[in-house]
Amino acid sequence: MPLPLLLASASETRAAMLRAAGLAPQVLPARIDEEAIRAALEAEGASPRDLADALAEMKARKLSDKHPGALVLGADQVLELKGEVFSKPETPDAARAQLRALSGKTHRLLSAAVVYRASRPEWRHVGEARLTMHDLSDGFIDGYVTRNWDSIRHCVGCYQIEKEGVCLMSRVEGDHFTILGLPLIPLLSWLRLRGEIPA
Ligand SMILES: Nc1nc2c(ncn2[C@@H]2O[C@H](COP(=O)(O)OP(=O)(O)OP(=O)(O)O)[C@@H](O)[C@H]2O)c(=O)[nH]1
């Protein structure tokens, strides 16, 4: 009998990916102070990959302590450009500034997932995608952000690849789901191996 699956994430995109794969996660966002944790880890010299993994783990662990009988999935996505980690934009102008920084360059998206059960980690994976942007004019960036602010404000890269964001890119390496925010294929493979989904 499959265990209940809890998604410790407020990300509608992550929930939609899991449901599209036939899973029925209960969504219970784990409220952690990501900014404080990120600052502490970066002060210790944590890599962007370790940062994403640690944040995903903290979300999963917090919820697993309260729901020991379930599989709890925590996730986190980090954008890295030349060693600098970017966060989700607070304002449209912050999004414009971030896209100007990413323009014409290759950045990495690191999407971490950690599964806990009964307060113990059972599985973890960090997926990586590399995305190269065209040289974007200020006029294009301004229009793109104005048109898409309501959706890109929730995205660490200030774009949604499955919508107009694809027009920003000259090259994408890595899987689509990792860009959306979850290493879905390795996760489903592990759930299948465990007998949590049909094989
Ligand atoms: N639809 C879509 N979402 C994206 C894309 N790129 C990044 N995201 C979303 O950007 C968000 C990354 O921020 P996170 O801090 O990892 O997650 P969150 O949305 O704040 O949710 P929590 O897991 O509760 O922290 C996630 O919701 C991703 O799904 C994209 O191209 N398309």
Side-chain angles (χ1 to χ4, degrees), residues 5-21 23 25-39 41-42 46 48-64 66-67 71-81 85-90 94-95 98-99 102 106-116 124-133 144-145 147-185 187:
L5 176 64
L6 300 189
L7 175 60
S9 174
S11 169
E12 292 175 10
T13 299
R14 290 188 178 116
M17 279 192 264
L18 294 170
R19 291 185 181 122
L23 299 173
Q26 182 184 351
V27 176
L28 286 171
R31 302 289 176 211
I32 63 169
D33 186 346
E34 288 198 40
E35 292 315 312
I37 295 164
R38 173 186 298 237
L41 289 169
E42 287 181 329
R49 174 180 290 269
D50 292 343
L51 181 61
D53 177 71
L55 286 166
E57 173 155 24
M58 287 179 187
K59 296 173 202 176
R61 183 167 58 214
K62 179 170 183 182
L63 214 62
S64 184
K66 297 175 189 159
H67 302 271
L71 286 180
V72 180
L73 171 63
D76 193 76
Q77 187 181 50
V78 163
L79 184 148
E80 180 261 334
L81 173 71
V85 169
F86 286 70
S87 301
K88 288 193 285 292
E90 300 279 331
Q98 178 163 324
L99 289 172
L102 297 176
T106 299
H107 64 274
R108 290 194 302 162
L109 284 179
L110 297 152
S111 293
V114 177
V115 175
Y116 259 63
R124 63 189 337 121
H125 186 90
V126 181
E128 177 177 333
R130 303 174 75 86
L131 300 95
T132 304
M133 280 196 186
Y144 175 77
V145 172
R147 287 191 299 277
N148 297 282
W149 171 246
D150 284 345
S151 55
I152 65 172
R153 65 189 301 168
H154 306 297
C155 300
V156 74
C158 303
Y159 56 77
Q160 285 192 319
I161 197 75
E162 74 276 26
K163 294 183 179 165
E164 190 184 348
V166 69
C167 299
L168 307 180
M169 309 302 169
S170 60
R171 180 180 169 82
V172 171
E173 301 162 85
D175 80 48
H176 184 71
F177 305 105
T178 293
I179 298 170
L180 292 183
L182 199 60
L184 183 64
I185 291 173
L187 172 65

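Order of appearance sets the numbers: ligands from 1, and atoms from 1 within every ligand. Everything numeric here is computed off the predicted structure, so don't read it as measured data.
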* Gap separating the CG atom of Leu55 from the CG atom of Asp33, nearest 0.5 angstrom ->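 Answer rounded to 0.5 Å: 10.0 Å.
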* Distance, nearest 0.5 Å, that separates CD of Gln26 from CG of Leu73 ->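 One gets 13.0 Å once the value is rounded to the nearest 0.5 Å.
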* Give a yes or no answer on whether the side chain of Gln77 reaches the backbone of Cys155 with a donor-acceptor pair at less than 3.5 Å. =>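 The answer is no, because no donor-acceptor pair under 3.5 Å joins these two groups.
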* Salt bridge or not for Lys59 and Glu34, using N-O below 4.0 Å? ->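 Yes, Lys59 and Glu34 are salt-bridged.
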* Collect the protein residues that have a non-hydrogen atom under 4.0 Å from ligand 1 and hand them over in chain and number order. =>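 For ligand 1, the residues that come within the 4.0 Å heavy-atom cutoff are Ser9, Ala10, Ser11, Thr13, Arg14, Glu34, Lys59, Ala75, Asp76, Gln77, Lys88, His154, Cys155, Val156, Tyr159, Gln160, Ile161, Glu162, Ile179, Leu180.
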* Asked: Between Ser151 and Asn148, is any side-chain donor less than 3.5 angstrom from a side-chain acceptor?
  ->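 There is no such pair between these side chains.
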* To do: Check ring pair (Phe, Tyr, Trp, His ring centres under 6.0 Å) between His67 and all other residues, then give those that pass, not counting sequence neighbours.
  =>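 Expected list: none.
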